[in-house]
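Reminder, nothing fancy here: chain letters follow the sequence lines and each chain counts from 1.
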There are 2 protein chains.
Amino acid sequence: MPVHSRYLDIAGKIRTRIEAGEWEPGARLPRLDDFAAEYGANRDTVARAIAVLEAEGYVWAVQGRGIAVRYGTMRPRRPRGDLVKRNEHATGYSFPSASGQEVWVRHGAAINAPARLDDPRIAKLLGVEPGAQVLRRFRVTGPASEAPFQINISWIHPRVADIVADVDADPAAGEWLYRIERAGHWPISWMEIHRARVPSKEEADVLGIPASLPVLEIVRVGSSGSDGKPVEVTEFVVASDRVETVHVLHRDPGAQQPWADPV
Amino acid sequence: MPVHSRYLDIAGKIRTRIEAGEWEPGARLPRLDDFAAEYGANRDTVARAIAVLEAEGYVWAVQGRGIAVRYGTMRPRRPRGDLVKRNEHATGYSFPSASGQEVWVRHGAAINAPARLDDPRIAKLLGVEPGAQVLRRFRVTGPASEAPFQINISWIHPRVADIVADVDADPAAGEWLYRIERAGHWPISWMEIHRARVPSKEEADVLGIPASLPVLEIVRVGSSGSDGKPVEVTEFVVASDRVETVHVLHRDPGAQQPWADPV
DNA sequence: TAGTGGTCTAGACCACGTC
DNA sequence: ACGTGGTCTAGACCACTAC
C-alpha cells in the first residue's frame, strides 16, 4: 500500500533496512538489478530511490564500484562550539573545528602557494579587491582512522603573507597564526559565518560524499588586534550529516531582570 | 559540447538564464515540454534538470501549477547571531532568529496544546522520558511581506507548563518566557544546536520549498537559572538558502599572549 | 574486458491545481 | 475537465572501476 510514489516507497524500505543494521556501514548493498527484481520495479526506478538515499546521507553510490552504506548518518555528529583554546604547542590554537579527542591528520598534500582571490565574497571579507594576489593554504583534514572530514582553505592577507609563506606545520597547530600575532597583530579575533549548501563536484569528490549531500560551509574571519582589519579568511567545508554546531547564546547587557526584587 | 550528462547540462543552462535575470523571482518558467523542445531532449530529462535546480534552491515546481523562480538564492541571506536582547515589550526577548528590521508575523494559526513528546532526541534535551506529556507550541513566522520563513515548535517542561498554558501573544514577544522566569527560574540561559538536513514533506509544504532543498534546523534549549535544568526546548526550521548564522568566537582564558612583553 | 551504476528515450499513465 | 508536473517502464547505451 504505497502512500508515496514507487521510488519513494522503495527508498523508504531500503532506508528502514539500513537503519535496522541489515548492512554494516561501509558494506555494499545489492545491485540495482537485484533490488529491481526484489521489489518488482524497473531498475531506473530503483536508481531514483538510491539517489534519494544519497541526498539523505545513507549511501554513496559510485559507478563501477557499487552502493556503499555511509557512516555519517549512523553515528553521532561531531559537536563544534565557539571556543578557541591553546593547543598542545602552547603557541598554536585549537579551533572548534578540531575539537574532540582524536588525532587529526592531513589527508594528502597541503598546498601553500600564492594565488589570485577571485571569489568576490571571500575577497570582501578579507578586505581586498577581487582578483588580488594572496597566499592560499589548502588542506584536507580529519581523524586519522577515517575518510577525509573537512576541506580547509585559508586566504592570507598580502600584508602578512610573507610572514607565514614558509610555514607548513601540521594542520591543527596554528603556528602560522602565532607568527602573525607575534608580528604586531595580537590578539587576533575571530568571527564565523555558517551556511548550508550543496557541494561542488570537486568538493564532493575530495570528501568522498555524494554530490547531492548538503555540506556545512563555515567561513572564519580573523582580524588583527591592532587595527581590527582582517588578516586571514578560512573556509571549512564538511558533510552536513557529520557535524552539528553548539552555541551558547549571550544576553545583551540590557536584558536584565525586568521586575524589582521583593526585598 | 556537454562535459556533463545531458540533464546536468540543461540544468546549467537554465541556471545561467535564471541568474542572468531572464525570469523575475516569482515568475513562471516555460513548461517542461517547451524546454524539451528547445533543448531537443526528452521531457523526462528536462524534469531531472529541474529537480537539480530545486535542490539548489533556484526553482520550485508544483504539480498543476508550473515552475516558479524562487527568491531565496537571489537575495542576501538573513544574518543570525547569538545575542539575546530585550524586545519592545520590555519583558519579552528578541532572539537572533528574529533579528532584522522587519515586522514578523505569524502565518496561519498557532497551536498551543498538550502533546506527547515522542522524539527521543528532543525528549532527552528537555530532560523528560520519550512519550512524556508536555505543552507544545507550534507556529510559523516570517516577515509580513513574504512567504513563511520558519517553523517554530516549542516543548515546555511539565513543571512550568501550567504557567504558560494560556499565553498566546504575538510570536516575537516572548511573554511566556517572562512568566517562566518570574516563577522562579530567572535567568533562563540558552544553548543552541545547529545542523542541516533535508526537510520532511510536511515541513517543505509549510515553508513552500522543494522537498529536496536542505533546511537549517536549530534546537534551542532554555535552562532554569535556579537549578540549571531545562524548562523549554524550541526547534526552528528554516530554508538553508535564506539564512546564514554569524558567530563570534570566544577565547579560552588560557589562550593568552604566549610571549613576554618586551618592557 | 566484465560488471556496475548513470543516463536517456518514447510513451504511457497518475496526481495535483485551476478553471 | 483540462493542463501541468511527477512517475514509471523497457530497452538501449554510456561511464567508470576493478580485474
Please write out each protein N/O paired with an N/O of nucleotides 1-4 of chain D under 3.5 Å, distance rounded to 0.1 Å.
{"unit_1": "D:dT4", "atom_1": "OP1", "unit_2": "B:R31", "atom_2": "NH1", "d": "3.3"}
{"unit_1": "D:dT4", "atom_1": "OP2", "unit_2": "B:R31", "atom_2": "NH1", "d": "2.8"}
{"unit_1": "D:dT4", "atom_1": "O2", "unit_2": "B:G64", "atom_2": "N", "d": "3.2"}

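For the pair B:I14/B:Y39, a side-chain contact is recorded, criterion being any heavy-atom separation below 4.5 Å from C-beta on. Using a 4.5 Å heavy-atom threshold, the side chains of A:E54 and A:W60 count as touching.
Taking only side-chain atoms of B:Y7, from C-beta outward, the nucleotide of D:dT7, D:dG6, C:dT7 with the closest atom is C:dT7. When the nucleotides C:dT7, D:dT7, C:dT9 are ranked by their closest atom to the side chain of A:S5, D:dT7 comes out on top. Across C:dA10, C:dT7, D:dT9, the shortest atom-to-atom separation from the side chain of B:N42 is found for C:dA10.
In this entry the distance linking CG of A:D9 with P of D:dG6 reads 19 Å, nearest Å. Straight-line distance from the CG atom of B:L8 to the C1' atom of D:dA15: 14 Å, rounded to whole Å. Atom OH in A:Y39 sits about 14 Å away from atom P in D:dT9, given to the nearest Å. Whole-Å rounding puts the A:D44 CG to D:dC13 P distance at 16 Å. Summarising the geometry, the separation between CZ on B:R48 and C1' on C:dG6 is reported as 8 Å, rounded to the nearest angstrom.
From A:I122, atom CD1 reaches atom CD1 of A:I153 across 8.5 Å, with rounding to the nearest 0.5 Å.
Side chain of B:R220 to main chain of B:I218: no donor-acceptor pair is present (N/O by atom type, distance under 3.5 Å, no hydrogens or angles).
The aromatic rings of B:H247 and A:H247 lie parallel to each other, their planes meeting at an angle below 30°, with 60° marking the opposite boundary.
Side-chain contact check for B:H194 and A:H194: no donor-acceptor pair (N or O, by modelled atom type) lies under 3.5 Å.
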